[in-house]
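Encoded as structure tokens, the structure appears first; notes follow it.
Numbering starts at 1 and runs along the sequence shown.
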Amino acid sequence: MNCNERQQLDYLNIAKGIGIILVVLGHSLSAISNELTSMAEFVRTIIYLVHMPLFFTIAGFLFEKNKGNYRKKGIKKYAKSKFFTFMIPYFTFSIVITIVAILCEHINALHFIAVKLRFARISFSAVIQGIFLYINPLDDHLWFSYVMFAVLILSFLLAEISEQKVLIFFYVMYIITFFVDLPEILWKVMRYMLIFQSGRVIYKRKKNFLNVKVSTLFIVFVASTTLYLFLKNEKIGFMGAFKPIAEVSSSILIIRFSMWLENMKLSKKLIYIGKNSYAIYLMHQPYIVPVIMLLMSGGLVKNVIASIVAVFLGVAIPIVIEQQIVSKSKFLSIAVLGGHK
């Protein structure tokens, strides 16, 4: 790896570090959604608008960068690699949360956890539907692995087509989803295929996108977010036209901010967190963050303290588990992280 490639990975890892901290913060706020002030609710709305699109933008960026190598390997090797990375952990954590839910349902002392974490009554058919069809899943944060796998395979199959054409197609399809009822998982695939293709376009034209004035990007983000939220509040279906613009402009802003942070001391910590972002994503929810919020929240001051603690431990504990336990076992490395490093 040459110096330029390492620097590129550095600012992308910084961006991923920022993104995963926002993910954990967003989940801490969601755990006490009934107690949020209007300002905290607004912050949560903005977080949810920017954090996951950032990861799909970066994924699209890196896909386009490495597309030639992927195509040399062929679809079978590529699909197998991505299945291990995303679907093996998806199945592992789906099974784990099913076991936890069954224990909570059948052990009286744990009933309160089932209520707080909104576990439904467990049945075999519900578990199968939740895991394979993503219908009322027990752990709804695992959608990321499922959708990322689908998006990567679809993008590989469509790689011969111009990324702009694919982008326009999924932009139109995404807007249509606001007028047509679709299963949640299909809606998410449509949404994030669009964001992913945006990342591909950004890579192809990175000199243009990454040199746009920050003030211009900020104005685009604020304007598109305002239009999206206004249309959403008015329940106007065309709000879908502005949401992706807000999501992609926020991703570019965070990447630009990450490039600015590269030479600062904080960057090393964010790079480290970014490199471990997948482990953090898989493990922090619903085992760490909701439990901390359940035990510590109650009132404005306590909620703020609980969120800070939840973010710190939601980031730190998965890293410790990955470094001290998972990475030392080949079986666990594959089962928990799909061999992802």
Side-chain angles (χ1 to χ4, degrees), residues 1-19 49-72 78 82 147-148 150-175 189-225 227-228 240-263 267 271 274 277:
M1 183 185 296
N2 61 42
C3 184
N4 287 335
E5 287 177 325
R6 188 176 294 109
Q7 286 179 340
Q8 185 179 92
L9 289 176
D10 280 350
Y11 72 72
L12 292 179
N13 278 320
I14 291 170
K16 285 161 65 176
I18 294 170
L49 191 64
V50 305
H51 60 12
M52 297 318 298
L54 174 63
F55 285 96
F56 280 90
T57 300
I58 292 172
F61 187 98
L62 292 174
F63 175 87
E64 191 62 29
K65 176 179 181 292
N66 298 304
K67 185 174 66 175
N69 292 331
Y70 295 150
R71 289 168 68 182
K72 286 179 183 178
Y78 182 77
K82 298 309 175 185
V147 172
M148 183 62 85
V151 166
L152 287 168
I153 299 305
L154 276 173
S155 296
F156 187 98
L157 294 173
L158 298 173
E160 296 288 345
I161 304 173
S162 164
E163 67 278 354
Q164 293 113 307
K165 292 180 180 178
V166 179
L167 175 66
I168 293 169
F169 174 79
F170 280 99
Y171 182 64
V172 173
M173 292 299 295
Y174 178 65
I175 294 173
V189 170
M190 291 291 183
R191 174 186 178 188
Y192 288 105
M193 270 296 287
L194 170 58
I195 304 302
F196 186 92
Q197 304 314 314
S198 300
R200 292 180 62 196
V201 172
I202 290 169
Y203 176 79
K204 291 290 285 287
R205 293 161 179 75
K206 57 180 178 286
K207 287 185 178 179
N208 296 328
F209 281 103
L210 298 182
N211 287 324
V212 175
K213 290 183 179 179
V214 171
S215 58
T216 302
L217 287 170
F218 186 73
I219 290 170
V220 171
F221 171 68
V222 171
S224 55
T225 300
L227 285 167
Y228 164 68
F242 298 100
K243 189 176 184 182
I245 299 172
E247 293 171 333
V248 174
S249 60
S250 70
S251 295
I252 300 173
L253 273 171
I254 293 173
I255 291 171
R256 290 287 300 276
F257 181 60
S258 300
M259 295 170 75
W260 178 73
L261 285 174
E262 272 189 290
N263 296 320
S267 66
I271 289 170
S277 58

Steps toward side-chain contact (heavy atoms from CB on, under 4.5 Å) verdict (K204, Q164): CA-CA 10 Å; K204 291 290 285 287; Q164 293 113 307; 5.9 Å; no
Roughly how far, to the nearest 0.5 Å, is the [atom2] atom of [Y] from the [atom1] atom of [X]?
| X | Y | atom1 | atom2 | answer |
| --- | --- | --- | --- | --- |
| I219 | S249 | CD1 | OG | 11.5 Å |
| I255 | I14 | CD1 | CD1 | 11.5 Å |
| I254 | M259 | CD1 | CE | 14.5 Å |
| F156 | R71 | CZ | CZ | 7.5 Å |
| S198 | I252 | OG | CD1 | 8.0 Å |
| N263 | D10 | CG | CG | 10.0 Å |

Worked check of side-chain contact (heavy atoms from CB on, under 4.5 Å) between L158 and F169: CA-CA 12 Å; L158 298 173; F169 174 79; over 6 Å; no
I'd like to know if the side chain of [X] and the backbone of [Y] have a donor-acceptor N/O pair within less than 3.5 Å.
| X | Y | answer |
| --- | --- | --- |
| S155 | L152 | no |
| Y171 | A241 | yes |
| S250 | E247 | yes |

Report, one line per pair, each donor and acceptor closer than 3.5 Å where one atom sits in a side chain of residues 52-63; sequence neighbours left out.
from	atom 1	to	atom 2	distance (Å)
T57	OG1	P53	O	2.8
T57	OG1	S251	OG	3.2

Beyond-backbone contact of I153 with Y78, side-chain heavy atoms, under 4.5 angstrom: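 In short, these two side chains touch, coming nearer than 4.5 Å.
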Residue pair L261 / I18, side-chain heavy-atom distance below 4.5 Å: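 Yes. Closest side-chain heavy atoms under 4.5 Å.
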Over all atoms of both residues, closest heavy-atom pair of V248 and I195: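 Shortest heavy-atom separation between V248 and I195 comes out as CG2-CD1, 3.9 Å.
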Non-hydrogen atoms of I161 and R200 that approach each other most closely: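 So the minimum-distance heavy-atom pair works out to O-NH2, 4.3 Å.
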Working for side-chain contact (heavy atoms from CB on, under 4.5 Å), residues L12 and S258: CA-CA 7 Å; L12 292 179; S258 300; over 6 Å; no
F170 and its side chain to side chain contact (heavy atoms under 4.5 Å, CB included) partner, picked from K165, R191, M193: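 For F170, the side chain to side chain contact (heavy atoms under 4.5 Å, CB included) check succeeds only for M193.
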Pairs of donor and acceptor atoms involving the side chains of residues 209-216, under 3.5 Å and at least two apart or interchain, shall be tabulated with distances.
from	atom 1	to	atom 2	distance (Å)
N211	ND2	K207	O	2.5

Salt bridge flag under 4.0 Å for residues R205 and E64: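 The answer is no: the pair does not qualify as a salt bridge.
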Y174 vs K243, side-chain contact (heavy atoms from CB on, under 4.5 Å): CA-CA, chis, key distance, verdict: CA-CA 10 Å; Y174 178 65; K243 189 176 184 182; 3.2 Å; yes
